[in-house]
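Note sheet for the following structure.
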2 protein chains.
Amino acid sequence: MAQKLTLKKIAQDLKVSISTVSKALRDSYEISEETRKKIQEYAKQYNYKPNSIALSLKNQKTKKIGIIIPEIVHHFFATVISGVEHVANEKGYQVIICLSGESFDKEVVNMEMLANGSIDGFILSLSKETMSKQDFHHLREVINQGMPIVMFDRVADDIPGDKIIIDDVTAASEATDFLMRKAKKNVGILSTVDYVNVGRLRTQGYSEALMKRGVEVNQDLILKIEDIDHCDELIEKFIDNNPSLDGIVAVNELFAVTASKILLRKGKRIPDDVAIVAFTDGMLSKYSNPSLTTIGQNGYEMGGIAAAKLIDRLEQDQKDEERYETVIVKTSLIERESTP
Amino acid sequence: MAQKLTLKKIAQDLKVSISTVSKALRDSYEISEETRKKIQEYAKQYNYKPNSIALSLKNQKTKKIGIIIPEIVHHFFATVISGVEHVANEKGYQVIICLSGESFDKEVVNMEMLANGSIDGFILSLSKETMSKQDFHHLREVINQGMPIVMFDRVADDIPGDKIIIDDVTAASEATDFLMRKAKKNVGILSTVDYVNVGRLRTQGYSEALMKRGVEVNQDLILKIEDIDHCDELIEKFIDNNPSLDGIVAVNELFAVTASKILLRKGKRIPDDVAIVAFTDGMLSKYSNPSLTTIGQNGYEMGGIAAAKLIDRLEQDQKDEERYETVIVKTSLIERESTP
DNA sequence: TTGTACGCGTTATCAG
DNA sequence: CTGATAACGCGTACAA
């Protein structure tokens, strides 16, 4: 097993000094053609690669970005990571991933681990628990140490950092209005509890769309779900309680597809009896039966923007311009079988 | 913005030497109670954390493991990562993720990037292109440098490293037999081209199950799909060409759910007319309509085992026992609506 | 009890 | 043209 090659070993083998080797490999004009060639060939033959840890230490830059998300098995987050990874790699950065599992403590621990020099900056989407606690001290600490943070999707409003979000209010409003334009009179929403930003905002957009058309908001048509694991019963009860329901906006695929199955089981037709629009365009929407009309959140694009913003900030060392930006990524309504 | 605290700065501030600080923080008996307390309190107050890069360089260990997978948006891979991450974090390791996007070149580049000292070991699942080329020089190089590799799912048989796989042959055989036990007489398989290991093995298992029951293997009932993007037409043609088809084994969810939609559209009933068993238990299987009976690959478990094996190997520095292990993870047949 | 010196791998600066 | 030295941050063997 050939031990990993270092400048030192090359220097020993070729009986020159370390600095000569270093310079030769960087094509320094100070080194004679002859030695340069000799060293470069030797390095190439034995496949020398500079040790990135040593470089990190020297340059005080790791060329790595850390990303903390609640769950990787959610398609949306996977898409975002994919976008982050793509842009980051293009710019010579690597991506370290940690999962909070929606837990505040794990989010804090992960941030602390990564903040000890492992990475140059953060991209993150906050855990549900963090959102409900509204405790952001860990973010503040990291920022105080001069490490930039880009948040996406689940963001903390009053934290200094760039934010990449979609306009949830408008998107939900458009989804609702879309259903009403399809002559649906009793549109309900399957949302999350209010401390989840996106749930609150989407509920708000839903209400606004109704009001704009002079329809009164009926609280019975708003279901706020806390625990995703037992959404079935809640949704079924909701449907039973609202026999006139003819349109549903769901804040995620899962709620939508669950509702769809329950409706079909009860003999309703989709989209004729009840039409559905879901947030988050993922595998479920595309391949479920019937396929779902969705609001695409363009996660890949969000991830790319987040990475680009972060790397920009890392590479313009002037930390003047302490003005942080909030980018609003456009959503797209993708029509499928669940709407007329 | 408080600059990141180092031993050096603490030493300056407290007017002691660096090593005194270092020792004090590690509770060395060499340091007097008094100074120790003073230093520890100061460190705590200003939230000192040792720089992990410096530690990596010193210890020649990064406590990071690299994972390279084809795509993160595939639920199976996301599950595996989740398992890796869980076990790794438990043992104090971080996870760096790179995506090959099914491209050989990107896989090579990523490996080289990570192998330059960024990580202690690899977990990977090979890209399709790598499988078809059968070019594993990048793996050999890394291994030659003394970096352990654990492969899962898509593995290279003759590469020295641990392997975590499922018994694809047996699983496919069981799936096929399960359909035959349900009185299905003409079971077909939607598979991938043969250079994708799992496709080949599952096709083999399918054939074996037929032969065991004295049924002749009919090549018309075997569809090998190369490009996942245009599987619709292929599957539709396949179904049209086999009117007596009454059972389908699909090597992934997507093929299964696509077939399911096409069948329903053609007025077939599932599972009465055609029953379906899919590999990879993901969101689609669970929530599609009808939900799919699947072979669960237990990705979370695979990831956990891979991480545990890798870390074991990293921490037992004796690299004696150069005997590598192949762990076969049990699959589980999860019955849902697509089978009687 | 405290401090000095060294090494991990690299590069930049300065001396020869 | 080449080599020695310092520095990045840390831990530790050794010296005071």
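In what follows, chains carry the letters A, B, and so on, assigned in the order in which the sequence lines appear, proteins first and then strands, with residues in each chain numbered from 1. Computed from a predicted model, the values in this text were never measured in an experiment.
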Check your understanding: Does a nitrogen or oxygen in the side chain of Y48(A) sit under 4.0 Å from OP1 or OP2 of dT10(C)?
Key -> yes

Review point. Base, sugar-phosphate alone, or nothing: which one does T35(A) contact when heavy atoms must sit under 4.0 Å apart?
Key: sugar-phosphate

Exercise for review: Let me know the distance between NZ of K61(A) and P of dT11(C), rounded to the nearest Å.
Suggested key: 15 Å

**Study point:** N or O in side chain of S22(B) less than 4.0 angstrom from dG11(D) OP1/OP2
**Key:** yes

Point to revise | Whole angstrom value for the distance that separates C1' of dG9(C) from CZ of R26(A) | key: 13 Å

Point to revise | Nucleotide dA7(D), atom P - distance to NZ of K58(A) in whole Å | key: 10 Å

Practice item. In whole angstrom, give the distance that lies between atom CG of L57(A) and atom P of dG7(C). Key: 16 Å

Check your understanding: Hey, does Q60(A) reach any base, or is it just sugar-phosphate, or nothing, if we go heavy atoms under 4.0 Å?
Key -> sugar-phosphate

Study note, to complete from the structure: On a heavy-atom basis, the closest approach of Q134(A) and M131(A) is NE2-O, 3.0 Å

**Study point:** Between P of dG9(D) and CD of Q145(A), the distance in whole Å
**Key:** 13 Å

Practice item. Kindly indicate whether the side chain of T6(A) and the base of dG9(C) share any N or O donor-acceptor pair separated by less than 3.5 Å? Key: no

Exercise for review: Using whole Å, report how far OH of Y29(A) lies from P of dT13(C).
Suggested key: 10 Å

Review point. Given dC10(D), is OP1 or OP2 found less than 4.0 Å from the side-chain N or O atoms of S19(B)?
Key: no

Check your understanding: Is there a donor-acceptor contact under 3.5 Å from the side chain of K106(A) to the main chain of L99(A)?
Key -> yes

Practice item. Confirm from the modelled atom types if S17(B) and dT2(C) form a donor-acceptor pair under 3.5 Å, side chain to base only. Key: no

Exercise for review: Show your working on side chain to side chain donor-acceptor pair (under 3.5 Å) between S118(A) and K64(B) and close with a plain yes or no.
Suggested key: CA-CA 10 Å; S118(A) 295; K64(B) 298 196 201 322; 3.2 Å; yes

Point to revise | 5'-most by nearest nucleotide on DNA chain C - V16(B) or N59(B) | key: V16(B)

Review point. Phosphate oxygens OP1/OP2 of dC8(C): is one of them under 4.0 Å from a side-chain N or O of K8(A)?
Key: yes

Point to revise | Residue whose nearest DNA chain C nucleotide is more 5′ - E30(B) or K23(A) | key: E30(B)

Review point. Do the side chains of L310(B) and D162(B) get nearer than 4.5 Å, heavy atoms only?
Key: no

Review point. Which whole-number value in Å describes the distance from Q12(B) CD to dG3(C) C1'?
Key: 15 Å

Exercise for review: Please lay out, stage by stage, how S103(A) and K128(A) fare under the test side chain to side chain donor-acceptor pair (under 3.5 Å).
Suggested key: CA-CA 7 Å; S103(A) 138; K128(A) 260 186 214 162; over 6 Å; no

Exercise for review: Would you mind telling me which of dT11(C), dT2(D), dC10(D) lies closest to the side-chain atoms of L7(B)?
Suggested key: dC10(D)

Practice item. Can you tell me the distance, in whole Å, between the CG atom of L5(A) and the P atom of dT10(C)? Key: 9 Å

